[in-house]
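This report concerns only the one structure given below.
Keep in mind that the numbers below use all heavy atoms, side chains included, and drop hydrogens, waters and symmetry copies. Just so we're on the same page: letters track the sequence lines, and every chain starts at 1.
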There are 2 protein chains.
Amino acid sequence: MKVNKGVEWAAHACALLAVLPEGWTLSAEALAAYHDVPPAYMAKQMQALSSAGLVVSVRGAAGGYRLARPARDISLKDVFLAVEGAAPSFRCTEVRQNGPCGAAKAQCRKPCGIAASFYAAETAFRDSLAGVTIMDVVASASAASDLGKAAKIATWIQSNASRPGTER
Amino acid sequence: MKVNKGVEWAAHACALLAVLPEGWTLSAEALAAYHDVPPAYMAKQMQALSSAGLVVSVRGAAGGYRLARPARDISLKDVFLAVEGAAPSFRCTEVRQNGPCGAAKAQCRKPCGIAASFYAAETAFRDSLAGVTIMDVVASASAASDLGKAAKIATWIQSNASRPGTER
DNA sequence: CATTATTCGGATAAAAAATATCCGTAAACA
DNA sequence: TGTTTACGGATATTTTTTATCCGAATAATG
Ligand code: FES
Ligand code: FES
């Protein structure tokens with residue numbers, strides 16, 4: 001029962017993309033450098049976000065990633081499902097059908113009480129994440145940081161972000 | 001994000017122990033045979049339940065396992081924590097402290113918004129499981145099964161359970 | 001048009017975790 | 001005393017996660 005490490009990275013990457021000026025992008029490499037994580041693996045997570053439609057990718061020189069929609073419309077559940085996949089974490093192997101007293105397959109169209117409870121618990125997990133948006137995350141982070149840090153980030157963005165479609 | 005297979009087995013094992021007559025036990029081997037799962041690994045799960053205090057183990061000939069308390073006082077959360085462990089599934093690696101704009105360690109005494117949200121989601125997951133007891137599971141299972149099956153199970157128990165402290 | 005920078009997708013490798021088995025010891029009973 | 005069982009640790013196997021790499025496609029730049 002371990003959540004992929006990539007979820008943390010992807011969520012933080014979204015938070016950074018959220019404070020990017022309109023029309024600008026950050027490359028996978030830049031995002032990796034910002035968070036000091038392996039570039040190739042960070043790129044993988046960004047691809048997952050991209051194919052889930054959470055971020056838009058811009059190919060070519062001066063390309064990179066930007067959020068596909070406003071930060072308030074992207075939840076942590078979206079990020080979680082994008083990189084972790086939608087498969088349920090509880091894998092019922094239908095043990096109730098096994099052994100000397102196994103139930104007939106015909107009587108197992110509904111999940112057993114145990115499986116149903118775990119599915120419900122997972123729904124609760126996801127619903128909880130669905131209530132938190134990237135905007136919320138950014139807000140709580142900026143509330144906890146001082147002015148100096150904000151300036152530092154702004155400076156870093158200016159020298160690392162690019163703007164496709166125009167010369168720098 | 002995968003739940004241990006052992007959780008399913010352990011939960012079903014508890015459900016079977018719940019319908020055992022007072023004072024009787026089932027060996028790890030019998031439980032494995034009933035569910036048709038690898039005996040050695042089933043034994044491992046039972047040890048986990050035992051060290052968590054959910055079941056009582058009786059050593060020696062005619063020994064085995066029985067529930068440590070009434071089925072209505074054992075929840076799926078208990079079973080889950082016993083075999084899966086209590087460690088949080090979301091592993092925050094404090095990426096916010098990394099990179100060129102990393103936050104100072106002193107400012108990271110509270111978990112960041114992302115980590116806090118995942119911890120909250122996991123609490124929701126566990127709370128959901130805490131609301132389901134082994135008794136509930138047994139009730140839903142017996143509601144879905146016919147009289148013939150109940151008799152089959154009763155017969156199997158009679159020939160496979162043992163009663164420590166007395167001759168069979 | 002050539003060059004450069006970037007994403008994309010798949011293949012692959014390495015590390016870690018889950019899954020599964022085994023064995024020696026202790027305990028309880030017959 | 002001999003048998004049956006749980007216990008705990010060690011170990012092996014398999015699967016998943018983590019991480020890297022490379023070639024093709026795409027777009028801007030000069
Ligand atoms: S049969 Fe899979 S959880 Fe009950
Ligand atoms: S630093 Fe770990 S989740 Fe934010």
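Residue Ser50(A) places at least one side-chain N or O closer than 4.0 Å to OP1 or OP2 of dC8(C). For dT6(C), the OP1/OP2 oxygens have no side-chain nitrogen or oxygen of Ser162(A) closer than 4.0 Å.
In this structure, CE of Met46(A) is placed 14 Å from P of dG9(C), rounded to the nearest angstrom. For the pair Asn160(B) CG and dT5(D) C1', the interatomic distance rounds to 15 Å; values are reported in whole Å. In this structure, the CZ atom of Arg163(A) is 12 Å from the P atom of dT29(D), given to the nearest Å. Here dA6(D) presents its P atom at 13 Å from CG of Leu49(B), a figure rounded to the nearest Å. Atom C1' of nucleotide dT6(C) and atom CE of Met42(A) are separated by 16 Å, given to the nearest angstrom.
In summary, of the residues considered (Leu54(A), Leu49(A), Leu31(A)), a side-chain contact (heavy atoms from CB on, under 4.5 Å) with Cys14(A) occurs for Leu49(A) alone.
Using a 4.0 Å heavy-atom distance criterion, Gly63(A) is classed as a sugar-phosphate-only contact.
The closest side-chain donor-acceptor pair between Thr93(B) and Glu8(A) falls under 3.5 angstrom.
For the pair Thr155(B)/Gln158(B), no side-chain contact is recorded, criterion being any heavy-atom separation below 4.5 Å from C-beta on.
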| Worked verdict on Leu17(A) versus Tyr65(A) for side-chain contact (heavy atoms from CB on, under 4.5 Å) | CA-CA 8 Å; Leu17(A) 291 179; Tyr65(A) 295 95; 4.2 Å; yes
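Under a hydrophobic clustering in which Ile, Leu, Val, Met, Phe, Trp and Tyr are joined whenever their side-chain heavy atoms come within less than 4.5 Å, directly or via other members, Met42(A) and Leu16(A) fall into the same cluster. Linking ILVMFWY residues whenever their side-chain heavy atoms come closer than 4.5 Å, directly or via other members, leaves Val56(A) and Met135(A) in distinct clusters. Cluster annotation: Leu67(A) is connected to Leu26(A) through the hydrophobic network of ILVMFWY side chains, with a link wherever side-chain heavy atoms come within less than 4.5 Å.
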Atom pairs under 3.5 Å, N or O on each side, protein against nucleotides 8-14 of chain D: can you list them with distances?
from    : atom 1 : to       : atom 2 : distance (Å)
dG8(D)  : N7     : Gln47(B) : OE1    : 3.4
dG8(D)  : N7     : Gln47(B) : NE2    : 3.3
dG9(D)  : O6     : Lys44(B) : NZ     : 3.3
dA10(D) : N6     : Lys44(B) : NZ     : 3.1

Taking only nitrogen or oxygen atoms into account, show me every contact under 3.5 Å that the protein makes with nucleotides 16-19 of chain C, one pair per line with its distance.
from    : atom 1 : to       : atom 2 : distance (Å)
dT19(C) : OP1    : Arg91(A) : NH2    : 2.9
dT19(C) : OP2    : Asn4(B)  : OD1    : 3.2
dT19(C) : OP2    : Lys5(B)  : N      : 3.3

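Under a cut-off of 6.0 angstrom, the local environment of CD in Glu29(B) is sparse, with at most 12 non-hydrogen atoms contributed by other residues, nucleotides or ligands.
Take Phe118(A) and apply the ring-ring contact (aromatic ring centres under 6.0 Å, His included) test, not counting sequence neighbours, and it matches Phe90(A). For Asp127(A), the side-chain contact (heavy atoms from CB on, under 4.5 Å) partners at least two apart in sequence or on another chain are Thr123(A).
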Going by atom type alone, with no hydrogens or angles, which donor-acceptor pairs under 3.5 Å involve a side-chain atom of residues 69-84 of chain B and a protein atom two or more places apart or on another chain?
from     : atom 1 : to       : atom 2 : distance (Å)
Arg69(B) : NE     : Asp73(B) : O      : 2.8
Arg69(B) : NH2    : Asp73(B) : O      : 3.4
Arg69(B) : NH2    : Asp78(B) : OD2    : 3.3
Ser75(B) : OG     : Lys77(B) : N      : 3.3
Ser75(B) : OG     : Asp78(B) : N      : 3.2
Ser75(B) : OG     : Asp78(B) : OD2    : 3.2
Asp78(B) : OD2    : Ser75(B) : N      : 3.0
Glu84(B) : OE1    : Asn4(B)  : N      : 3.1
Glu84(B) : OE2    : Met1(A)  : N      : 2.8

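Using a 4.0 Å cut-off on heavy atoms, the residues of residues 26-36 of chain B that approach DNA chain D are Ser27(B), Ala28(B), listed by number.
Each of Pro39(B) and Val58(A) was assigned the nucleotide of DNA chain C with the nearest heavy atom; the assignment lying further toward the 5' end belongs to Val58(A).
Checking dC8(C), dT21(C), dC7(D) against every side-chain atom of Tyr65(A), the shortest atom distance belongs to dC8(C).
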